Student: 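Structure provided below as structure tokens; questions to follow.
All of these numbers come straight from a predicted model, not from anything done at the bench. In what follows, chains are A, B, ... by sequence order, proteins preceding strands, each numbered from 1.
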Amino acid sequence: MSLAVEAPARPLLTGQRLAILALLALAFLGVPAFASPWTIEAILLPFLALSLAGLGLNLLTGYAGQVSLGSAAFMAVGAYAAFNIQLRLGLPLPLTFLFASTTAAAVGVIFGLPSLRLKGFYLAVSTLAAQFFLQWLFNKFGWFSNYSASGVISAPVLGFAGITFDSRESRYLLALTTVTLITIFVHRLVNGPARINLIAVRDNETAAKVIGVPVLRTKLAAFALSSAIIGIAGVLWSFTYLRTIEPEGFNLDRSFQILFIAIIGGLATLRGAFLGAGLIVVFPLLLSRGSAWIFDGGLDAGSVQLTQRIVLGATIVTFLILEPNGLSSILDRVTARVRSLMGRT
Amino acid sequence: MDWYEFLFVIEVAVGGLLSGVMYSLVAIGFVLIYKTSGVLNFAQGAMVLFAALTFVSLVERGVPFALALVITLLIMGLLGLAIERTVLRPLANRSPMTLFMATLGLAWVIEGGAQLIWGTQVHALDLGISNAPFEIGGIFISNFDLVAAALALALVVVLTSFFRFTRTGLSFRAVADDTFAAIAIGLKLNRIQAAVWTAAGVVALVAGLLWGARLGVQFSLSLVVLKALPVLVLGGFDSVPGAIVAGLIIGASEKLAEVYLGPYVGGGIEGWFAYVVALAVLLIRPQGLFGRKITERF
């Protein structure tokens with residue numbers, strides 16, 4: 001009976017820890033000082049929000065083994081909860097985040113209930129119920145968007161303790177701080193005692209039940225926590241990146257995008273979410289730059305968009321064929337290679 | 001409830017049953033592939049779009065109806081072979097989730113390709129079936145829906161007899177029953193999978209023509225998969241009769257809910273109602289309607 005199918009968390013190597021610290025220093029100090037507005041607006045802000053969503057889904061799918069196709073709906077729940085609590089009660093920022101994540105968690109538990117009886121694709125398809133129902137709900141009932149005529153609402157500026165997060169850099173720092181704190185929390189969680197429960201449920205439910213893992217509770221807790229994190233990602237997405245909230249932005253395509261991030265990045269790894277989100281954000285930008293350069297206006301915008309869709313789809317298939325364990329394992333190989341080269345000299 | 005109200009309920013239910021058959025039609029394409037490859041093929045909707053778009057574009061360019069049908073069939077067969085060779089074979093023995101993601105990527109490629117080749121405009125498709133409703137005992141039934149349902153049933157009969165009476169069908173059932181045993185006795189898994197993907201392409205063509213005649217041939221045709229998924233959950237991913245019965249249940253309950261529940265919540269419930277029906281039934285009967293008798297749905 002081997003519960004720890006994966007190797008237990010490696011002791012933090014000083015090298016790895018140093019690399020992470022350097023990366024954080026760069027992100028907190030270097031980026032606001034030197035990055036261009038375009039880099040922050042078009043790359044870093046969506047990257048942060050999607051990484052967090054990928055992290056949340058990875059907790060559910062990668063660690064607990066429950067597949068969800070409704071992630072975007074939970075982003076929407078977080079965004080609308082934050083909008084309404086700001087609008088109606090004007091709670092301070094930390095409480096807004098708390099409320100958004102709690103609401104998303106509660107909704108997540110409700111739509112996670114089928115997981116108690118359904119597995120695999122049956123569960124995946126039934127999470128689509130969340131996707132379609134919640135999107136319909138936010139579209140249909142004007143109360144959620146404060147009876148805005150177009151259904152698209154502009155997100156109010158967040159502020160806390162005299163600071164308003166209005167400028168580009170401050171929004172970036174808010175998103176970065178939130179993502180960092182949540183990542184540390186998830187890191188501690190998945191390397192703590194809960195790890196055994198999650199992975200036992202993922203790998204063999206019957207065996208998990210036999211050795212006394214509370215299977216039902218673990219599943220629902222995974223749904224709650226994952227939805228809470230994805231809800232926060234929704235808040236970041238609409239308050240720091242887009243600064244508007246609309247149901248259409250949280251459609252099925254977004255849910256698939258988040259699933260791609262989790263799988264392409266590498267399931268059951270934390271850095272996978274960041275690597276996957278980086279690819280998903282940067283690749284389309286590169287594609288549109290590249291196609292603009294190659295065709296130079298020779299193709300109409302519609303064809304360029306279709307070509308991009310084809311290339312993106314083909315890339316995903318190729319990637320799944322060539323690298324089953326995701327970007328994370330490429331990074332592993334690269335670091336191992338670098339280390340052995342350095343050891344040799 | 002007076003007599004006319006009762007007739008109206010029946011009329012709504014019959015209309016729902018008939019459109020449920022259309023859902024089943026899409027679902028059967030999924031079932032075929034799931035049974036042999038264990039893949040939930042999300043690209044089935046893209047295949048429906050591709051088939052309908054190819055056919056309608058050929059007809060618009062002056063190709064006679066029957067010839068266009070044959071050419072489209074050939075193209076769908078080639079597409080099936082190409083998918084087996086380029087996507088399924090390299091991904092053999094990977095987790096079902098990986099395969100699912102691959103079919104999602106594949107769906108983008110097929111959708112994009114179909115529209116890049118044939119254009120993005122909406123095409124009207126006329127199959128020459130009259131859409132005029134006719135009356136039976138006070139109930140109006142759409143002629144088109146009835147013909148579509150008959151065609152769907154004919155397709156099921158053809159498929160069932162193919163699997164029951166031909167050699168390829170026999171090996172298909174062997175693979176579906178036990179893949180390892182089938183390989184062990186020397187069946188060519190690759191060839192069978194190619195045949196099944198081709199069959200799924202044929203189903204996609206029939207579904208594409210019928211749905212296309214109803215909705216117009218355009219991008220949104222590929223979204224019919226979202227109608228087929230709750231049917232699959234309810235009927236079981238691996239059961240053709242399940243797909244049909246579940247299609248009927250979901251079609252009828254959806255139409256009834258639209259008429260009697262819709263007005264109270266502002267309409268537009270058809271996007272999610274089917275999923276709720278499927279979940280409600282599974283909550284009471286977790287083994288689903290058909291498929292293997294297991295206590296939990298894997």
Side-chain angles (χ1 to χ4, degrees), chain A residues 61 65 67 69-70 111 113-114 116-137 139-142 205-206 252-253 256 259-260 262-264 267 299 302-322 324-326, chain B residues 34 38-40 42-43 46 86-87 89-91 94-117 119-120 223 226 229-230 232-234 236-237 265-276 278-279 282-283 286-288 295-298:
Chain A
T61 305
V67 181
L69 299 177
F111 284 100
L113 284 176
L116 304 183
R117 303 194 92 160
L118 302 178
K119 284 174 190 164
F121 286 127
Y122 287 93
L123 176 65
V125 171
S126 60
T127 56
L128 282 175
Q131 178 65 48
F132 296 123
F133 177 76
L134 292 169
Q135 216 184 331
W136 171 83
L137 190 75
N139 247 329
K140 209 74 204 173
F141 296 96
E205 229 183 283
T206 315
L252 187 62
D253 270 351
F256 284 144
L259 191 60
F260 278 137
I263 289 184
I264 282 189
L267 287 171
L299 276 176
S303 306
V304 171
Q305 213 179 350
L306 287 174
T307 317
Q308 280 181 26
R309 209 171 160 76
I310 296 175
V311 174
L312 198 61
T315 311
I316 286 163
V317 174
T318 317
F319 200 87
L320 290 170
I321 292 172
L322 296 182
N325 297 321
Chain B
Y34 188 85
V39 190
L40 181 59
F42 202 81
T86 56
V87 180
R89 211 177 285 182
L91 282 173
R94 292 285 180 75
S95 82
M97 214 51 223
T98 308
L99 286 164
F100 173 67
M101 297 305 292
T103 63
L104 254 171
L106 189 63
W108 288 1
V109 175
I110 298 175
E111 275 164 25
Q115 294 180 89
L116 203 61
I117 298 170
T120 46
L223 299 179
L226 300 176
L229 288 176
L232 287 166
V233 170
L234 185 56
F237 286 123
V265 290
I269 61 171
E270 67 276 1
W272 54 267
F273 188 77
Y275 290 90
V276 176
L279 285 180
L282 287 184
L283 212 59
Q287 72 272 37
T295 50
E296 283 168 308
R297 275 292 196 196
F298 281 93

Student: Relative to each other, are the rings of F133(A) and W272(B) parallel, tilted or perpendicular (30° and 60° limits)?
Tutor: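 Perpendicular.
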Student: Which heavy atom of I321(A) sits nearest to which heavy atom of R94(B), and what is that distance?
Tutor: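 For I321(A) versus R94(B), the nearest heavy atoms are O-NH2, 3.0 Å.
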Student: Under a 4.5 Å heavy-atom cut-off, does chain A meet the side chain of L116(B), its backbone, both or neither?
Tutor: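 Both backbone and side chain of L116(B) come within 4.5 Å of chain A.
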Student: Using non-hydrogen atoms and a 4.5 Å limit, figure out which bit of V125(A) sits close to chain B: side chain, backbone, both or neither.
Tutor: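 For V125(A), heavy atoms of backbone and side chain both lie under 4.5 Å from chain B.
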Student: Is chain A contacted by the side chain of A278(B), its backbone, both, or neither, given a heavy-atom distance below 4.5 Å?
Tutor: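 A278(B) has no heavy atom closer than 4.5 Å to chain A.
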Student: Can you tell me how far apart CD1 (I263(A)) and CE (M101(B)) are? Round to the nearest 0.5 Å.
Tutor: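 Going from the CD1 atom of I263(A) to the CE atom of M101(B) covers 4.0 Å.
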Student: Just wondering, do F260(A) and L104(B) contact through their side chains at under 4.5 Å, heavy atoms?
Tutor: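 When only atoms from C-beta onward are counted, F260(A) and L104(B) do touch, with a gap below 4.5 Å.
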Student: Parallel under 30°, tilted from 30 to 60°, perpendicular over 60°: which one fits the rings of F42(B) and F256(A)?
Tutor: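 F42(B) vs F256(A) ring planes: perpendicular.
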Student: Among A130(A), A314(A), A129(A), who wins on heavy-atom pairs under 4.5 Å with chain B?
Tutor: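 Going by pairs under 4.5 Å, I would pick A129(A).
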Student: Under a 4.5 Å cutoff for heavy-atom pairs, which residue among I110(B), V276(B), T103(B), I269(B) has the most contacts with chain A?
Tutor: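 Most heavy-atom pairs within the cutoff with chain A belong to I269(B).
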Student: Any side-chain heavy-atom pair from Y275(B) and S126(A) closer than 4.5 angstrom?
Tutor: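 Side chain of Y275(B) against side chain of S126(A), heavy atoms only: no contact under 4.5 Å found.
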Student: Is it the backbone or the side chain of L320(A) that comes under 4.5 Å from a heavy atom of chain B, or both, or neither?
Tutor: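 For L320(A), backbone and side chain are both near chain B.
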Student: Within a strict 4.5 Å, meaning less than it, do heavy atoms of the W108(B) and I316(A) side chains meet?
Tutor: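 A side-chain contact under 4.5 Å exists here.
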Student: Quick check on L69(A) against chain B: is it the side chain, the backbone, both or neither that has a heavy atom closer than 4.5 Å?
Tutor: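 Answer is side chain: those atoms of L69(A) sit under 4.5 Å from chain B.
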Student: Below 4.5 Å from any heavy atom of chain A, which atoms of L226(B) appear? Answer side chain, backbone, both or neither.
Tutor: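 The side chain, not the backbone.
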Student: What residues, two or more places apart in sequence or in another chain, satisfy ring-ring contact (aromatic ring centres under 6.0 Å, His included) together with F111(A)?
Tutor: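 For F111(A), no residue satisfies ring-ring contact (aromatic ring centres under 6.0 Å, His included) once neighbours in sequence are set aside.
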Student: Select one option (side chain, backbone, both, neither) describing which atoms of F319(A) are under 4.5 Å from chain B's heavy atoms.
Tutor: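 Neither part, no heavy atoms under 4.5 Å.
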Student: Just verifying a value: how many Å separate Y122(A) OH and L229(B) CG, rounded to the nearest 0.5 Å?
Tutor: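 So the gap between those two atoms works out to 12.0 Å.
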Student: State, yes or no, whether a side-chain contact exists between V317(A) and T86(B) at a heavy-atom distance under 4.5 Å.
Tutor: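 No, too far: nothing below the 4.5 Å cut-off.
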Student: Under a 4.5 Å heavy-atom cut-off, does chain B meet the side chain of L259(A), its backbone, both or neither?
Tutor: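 It is both, since atoms from each part get that close.
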Student: Select one option (side chain, backbone, both, neither) describing which atoms of I310(A) are under 4.5 Å from chain B's heavy atoms.
Tutor: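 Both the backbone and the side chain of I310(A) come within 4.5 Å of chain B.
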Student: Of all residues at least two apart in sequence or in a different chain, which pass the side-chain hydrogen bond (donor to acceptor under 3.5 Å, both in side chains) check with S95(B)?
Tutor: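 side-chain hydrogen bond (donor to acceptor under 3.5 Å, both in side chains) check on S95(B) returns T98(B).
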Student: Work out which heavy atom in L306(A) is nearest to a heavy atom in G112(B); give both atom names and the distance.
Tutor: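 Nearest pair, atom of L306(A) first, then G112(B): CD2-CA, 4.0 Å.
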